[in-house]
Amino acid sequence: MRQAGRYLPEYRKTREQAGGFLDLCKNKELACEVTLQPLRRFDLDAAILFSDILTIPDAMGLGLYFGEGEGPKFEHPVRSESDIDKLFVPDPADKLRYVTDAITLTRSELDGKAPLIGFSGSPWTLATYIVEGGSSKDYHHVKGMMYENPGALHRLLDILARSVVAYLNAQIEAGVQAVMIFDTWGGVLSPQTYRSFSLDYMRQIVSGLKRQHEGQTIPVTLFTKGGAQWIEAIADSGCDAVGLDWTIDIDEAKRRIGDKVALQGNLDPCLLYASPETIRAAVRDVITRYGADPGHVFNLGHGIHQTVDPERLAILVDAVHACGREIRN
């Protein structure tokens with residue numbers, strides 16, 4: 001879960017070399033470099049493509065930029081029917097070529113040592129950013145559109161869903177071996193609006209993805225932060241795995257879903273601030289709760305915080321391997 005990032009000094013150095021975050025994303029050599037940096041430090045089982053969930057709206061010409069210490073912002077928020085009329089599904093071979101080029105280069109550099117995971121934001125999560133114009137605490141613009149003009153929001157979400165399908169299929173063609181859809185802000189919705197404005201569009205994406213490439217199955221993971229109450233519905237979407245945040249015990253999720261899909265998760269990232277003993281105990285708790293059955297991808301319940309000591313992550317990774325071997329034996 002967000003392997004590369006500001007918690008790694010080598011990442012910060014590479015980002016400074018690039019000149020900025022978007023410049024780093026759009027430089028295939030440097031994007032490849034920061035994708036590989038965590039694998040040089042830690043005994044990880046897969047690499048996660050270095051990119052950003054907002055590449056699609058950036059390719060739509062909405063003027064993505066990153067204010068110093070402010071997170072992502074858009075020069076042209078989408079807040080009206082006429083704004084939506086101007087949107088289009090970006091051609092991944094044109095506007096997003098830098099992503100697929102980075103994938104091709106990274107697969108070559110990995111040389112079969114580890115699989116490569118690609119990803120995208122969910123339509124709802126992308127919509128929250130482009131309607132709000134950036135990050136938000138109350139989502140009043142996008143939720144206002146949802147309640148006042150639901151038809152307009154559905155149009156926007158359909159464009160975004162078709163864009164994600166094209167984007168992820170291009171990633172698969174370029175060489176990623178699994179994909180993950182991040183519905184980071186699905187948890188701010190009510191049960192009724194979640195299904196209508198988030199999950200239905202993720203279903204649309206799953207049904208449109210290439211699930212076989214070069215003789216291999218391409219697994220799809222759906223992750224809704226704050227989505228524990230809907231995991232049965234998520235598991236019924238056609239995905240191969242459900243990502244879990246830390247607000248649900250993994251054994252409860254396994255009991256509710258059964259063996260229908262794999263589970264991915266779900267340690268609270270803030271446990272990486274704890275002592276080595278506490279980290280090892282927390283890892284053991286997650287793995288023991290799941291048990292020895294197949295179908296568990298150990299992961300954090302959300303991204304690594306930028307102030308985490310990398311040595312704490314090394315302790316976690318080693319504990320996962322040690323406890324995993326013990327449970328299986």
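When a residue number appears, it is its place in the shown sequence, counting from 1.
Interatomic distance, NZ of K13 versus CD of E33, reported as 10.0 Å (0.5 Å rounding). Note: L244 CG to I250 CD1 = 5.5 Å, rounded to the nearest 0.5 Å. Of the inter-residue distances, the one linking I218 atom CD1 with E173 atom CD reads 9.5 Å to the nearest 0.5 angstrom. Taking CG of L316 as the start and CD1 of I279 as the end, the distance is 6.5 Å to the nearest 0.5 Å. Rounded to the nearest 0.5 Å, atoms CG (D83) and NE2 (H76) are 10.5 Å apart. Between the CG atom of L313 and the CG atom of L8 there is a distance of 8.0 Å, given to the nearest 0.5 Å.
No side-chain donor-acceptor contact under 3.5 Å links Y147 and T193. Residues W185 and Y129 bring a donor and an acceptor atom of their side chains to less than 3.5 Å of each other. Between the side chains of Q171 and T100, no donor N or O sits under 3.5 Å from an acceptor N or O.
Minimum heavy-atom separation, V165 to Q204: CG2-O, 4.3 Å. Nearest heavy atom pair, residue A18 against residue L30, reads CB-CD1, 3.7 Å.
Listed by first and then second residue, the salt bridge (Lys or Arg N to Asp or Glu O under 4.0 Å) pairs that reach into residues 151-168 are E81-R155, D85-R155, D158-R162, sequence neighbours excluded.
Exactly one of W124, Y194, W230 qualifies for a side-chain hydrogen bond (donor to acceptor under 3.5 Å, both in side chains) with T224. That residue is Y194.
Between D251 and R255 there is no salt bridge, since no side-chain N of the basic residue sits under 4.0 Å from a carboxylate O of the acidic one. Salt-bridge formation is not detected for the pair D58/K95: no Lys NZ or Arg NE/NH1/NH2 atom is positioned less than 4.0 Å from an Asp or Glu carboxylate oxygen.
A distance-only check finds no donor-acceptor pair linking the side chain of D245 to the backbone of G301 [under 3.5 Å].
The shortest distance between side-chain heavy atoms of H213 and Q177 does not fall below 4.5 Å. Inter-residue side-chain proximity for T125 and F182 is flagged as unmet; no heavy-atom pair is nearer than 4.5 Å. Looking at heavy atoms from C-beta onward, E10 lies out of side-chain contact with R40 at the 4.5 angstrom threshold.
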Check: Should R284 and E326 be marked as a salt bridge (charged side-chain N to carboxylate O under 4.0 Å, His left out) after you check the CA-CA gap, both sets of side-chain angles, and the distance that decides it?
Finding: CA-CA 10 Å; R284 175 174 293 276; E326 182 182 321; 3.0 Å; yes
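At most 12 heavy atoms of other shown residues, nucleotides or ligands fall within 6.0 angstrom of atom CD in E148. Enclosure of atom CZ in R6 is not indicated, since only 12 or fewer non-hydrogen atoms of other residues, nucleotides or ligands lie within 6.0 angstrom.
Ring-plane geometry between H154 and F197 is classed as parallel, the angle between the planes falling under 30 degrees on a 0 to 90 degree scale with a further cut at 60.
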